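Notes follow once the structure below has been shown.
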Amino acid sequence: MSAPNASGWKPEMTVASQDGLHSGPVTATGNRALMLEEPLLFEIGRADVTGVDLPEPAAGAPNRLGGLDRAEPIGLLGLTEPETVRHYTRLSRQNYAIDLGLFPLGSCTMKHNPRLNEKVARMPGFADVHPLQPQETVRGAYEVINELAEWLIRLTGMHGVAMSPKAGAHGELCGILCIRAALEARGDAREVILVPESAHGTNPATAAFAGYRVEDIPATAEGRVDLEALKARLGPDVAAVMITNPNTCGLFESEMKEISDAVHAAGGFVYCDGANFNAIVGKVRPGDLGVDAMHINLHKTFSTPHGGGGPGSGPVVLSEALSPFGPLPFTARTADGVVHLVEEEGAEKFGHTQAFGRMAAFHGQMGMFTRALTYILSHGADGLKQVAEDAVLNANYILRSLEDLLDAPFGASGPCMHEALFSDAGFGGDLSTLDLAKSLIDEGFHPMTMYFPLVVHGAMLVEPTETESKASLDQFIGAFRSVAERAKAGDERMKQAPYYAPRRRLDETLAARKPKLAWSDDAEG
Ligand SMILES: *Cc1c(COP(=O)(O)O)cnc(C)c1O
């Protein structure tokens, strides 16, 4: 612990002498009011302490360890039960969470996770089933998967859906593998996938991982795909385009149908990154826009927890042309009304003979299916439409409340969709987007998405979601305006922010490049 020893305290030691901002005594404990310093388990644990009482082995009980009994204690560190509870509770308080406040991360759709979803997902009939149970004992679970699949197909106007991918990026891979299987089936070895410059990094990564060469599609000055440039590049070597709609500049690709028609005319397929489906759910059906494959992040649009709160789930909806190539297993209802989980041996009966393979050992993320279906049923079709409308309204409220102060590169392109995009143009001194983000932490907010999309200098992408009230949006806007004003005025103190977080500014590059994955008591690490 870096906290000063109580006996070393001198009256002139104030926090002001450390950071030049706030004044108050440096505390003897290192604690700051109710924000408690917490050392690591390795620093406070004792090898002779445990919070668990185990019974002594019965005298004369048979030893089944085959001579592998431990000869020496292994020195595992322990705490008492109350110390353990406090240790983890204190650590958890150093986290920011959607249950604590607004989480404006653009592209991530950090919306409230309704407690009703959690209640249903914890029902033993859903929570305690095992993927290897005999099918007739888990009919209800298959009904849930199948009903969710039907909702996703209806909401997107598509033909089929692969439920097993376990995240958005996994869904992208599934969709691109379907496209590859469809091209191979017609003996058409195309090599290139076109991706806009503003795309999420997972798009080019997916295309490259699936064995394709990636080429950029340029954008117009309004932040949308350049249709003429795209048309000029299409040809017999282009397998697919991957387009995010609404795109990562927060804009709807209004020429999506023309894009799809041009790609299809050239013999290619259209992959849509559906991570931003929250902005159009209930309003637009991607199937009507000519999309062949699109992943849906259940953990974004359909409110299942993410960001450290739970596993993702990325079902992929498929067009009629791609559906025959979707992966195994899948759910299907037979004439007697019963839903089955179909594997290799049953697939032929359902006419599904060209599956490219599988994405996961079993059927996908059951807990997330349960939550997402609960969310969909509790909103209904009209409620889902309102989700999109309110998400877009909230983002436009933020865009228009800040654009007098911050540069909004596409503010003149009309209303945004569900996220508002700003740049660092006009910041004073050598202040950057990073300094503004760190200052937002001092104001009690998780920062927005920074430096993405790459096409905007010092990008700040703010996505409030529909679950924020006007009162909480106003509070956020007030905080954002205050740090934006300081950034424009060139307030150099922002370079040291955050001042009030449990940890100050960290070397994030070093942490990412050279992570320390094991604890060491050597001060040099
Ligand atoms: C979140 C996101 C992805 C990836 O989804 P994961 O579930 O994180 O794998 C892809 N594209 C966009 C635009 C996203 O926002």
Side-chain angles (χ1 to χ4, degrees), residues 98 103-111 113 152 162-177 193 195-210 214 217 219 223-225 240-253 256 270-281 286 291 293-317 359-360 364-365 367-369 371-372 388 391 395 416-421 446 448-456 459-465:
I98 192 66
F103 218 117
L105 272 183
S107 218
C108 294
T109 315
M110 303 297 290
K111 61 169 79 177
N113 311 129
L152 298 180
M163 297 297 287
S164 57
K166 300 201 172 186
H170 205 212
E172 288 174 32
L173 182 62
C174 177
I176 296 297
L177 291 179
I193 288 188
V195 180
E197 290 165 338
S198 60
H200 195 270
T202 51
N203 292 189
T206 294
F209 191 72
V214 180
I217 311 175
R224 295 188 169 89
V225 167
V241 298
M242 294 181 86
I243 292 190
T244 308
N245 198 13
N247 71 25
T248 55
C249 297
L251 303 174
F252 189 74
E253 293 288 356
M256 192 69 199
V270 178
Y271 187 91
C272 180
D273 181 329
N276 295 336
F277 193 48
N278 202 51
I280 57 171
V281 60
V291 168
M294 181 182 96
H295 73 265
I296 297 171
N297 306 61
L298 297 186
H299 47 289
K300 294 179 181 170
T301 307
F302 297 110
S303 82
T304 72
H306 60 142
S313 182
V316 185
V317 286
M359 293 301 293
Q365 300 285 25
M368 298 304 138
F369 296 158
R371 287 174 176 86
C416 62
M417 294 302 290
H418 63 317
E419 45 200 5
L421 179 60
H446 191 287
M448 66 288 149
T449 288
M450 306 184 283
Y451 302 109
F452 175 76
L454 302 175
V455 290
V456 167
M460 293 176 266
L461 191 62
V462 180
E463 179 180 2
T465 84

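Both counts, for ligands and for their atoms, begin at 1 and track the order of listing. These numbers come from the heavy atoms of this one structure, side chains and all, not from hydrogens, waters or symmetry mates. What you see is a predicted model; the values in this text were computed from it and never measured.
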| task | Mind checking the OG1-CG spacing from Thr301 to Asn278? Nearest 0.5 Å is all I need. | result | 5.0 Å

Of all the heavy-atom pairs spanning [X] and [Y], show the shortest one and how long it is.
X: Pro196; Y: Val225; result: CG-CG2, 4.1 Å
X: Phe277; Y: Met294; result: CD1-CE, 3.9 Å
X: Thr304; Y: His299; result: OG1-CA, 3.0 Å

| query | Is it true that the side chains of Gln365 and Ser313 contain a donor and an acceptor less than 3.5 Å apart? | reply | no

| query | What do we get for His306 next to ligand 1 when only non-hydrogen atoms under 4.0 Å count, side chain, backbone, both or neither? | reply | neither

| Under 4.0 Å from ligand 1, counting heavy atoms only, is it the side chain of Ser107, its backbone, both or neither? | both

| task | Look only at the side chain of Thr109 and the backbone of Lys300, and say whether a donor-acceptor pair between them is shorter than 3.5 Å. | result | no

Nearest protein heavy-atom contact for [atom]: which residue, which atom, what distance?
atom: atom 6 (P) of ligand 1; answer: Gly168 N, 3.4 Å
atom: atom 11 (N) of ligand 1; answer: Asp273 OD2, 2.6 Å
atom: atom 2 (C) of ligand 1; answer: Lys300 NZ, 2.5 Å
atom: atom 8 (O) of ligand 1; answer: His299 NE2, 4.4 Å
atom: atom 9 (O) of ligand 1; answer: Ala169 N, 2.8 Å

| query | Backbone or side chain, does any N or O of Asn297 fall under 3.5 Å from an N or O of ligand 1? | reply | yes

| note | Numbered in order shown, the ligand 1 atoms found under 4.0 Å of a heavy atom of Ala275 are 2 (C), 11 (N), 12 (C), 13 (C), 14 (C), 15 (O)

| Taking only heavy atoms of Ala167, which atoms of ligand 1 are found under 4.0 Å from at least one of them? | 7 (O), 9 (O)

| Would His295 and Asp273 satisfy side chain to side chain contact (heavy atoms under 4.5 Å, CB included), going step by step from the backbone distance to the final call? | CA-CA 6 Å; His295 73 265; Asp273 181 329; 3.1 Å; yes

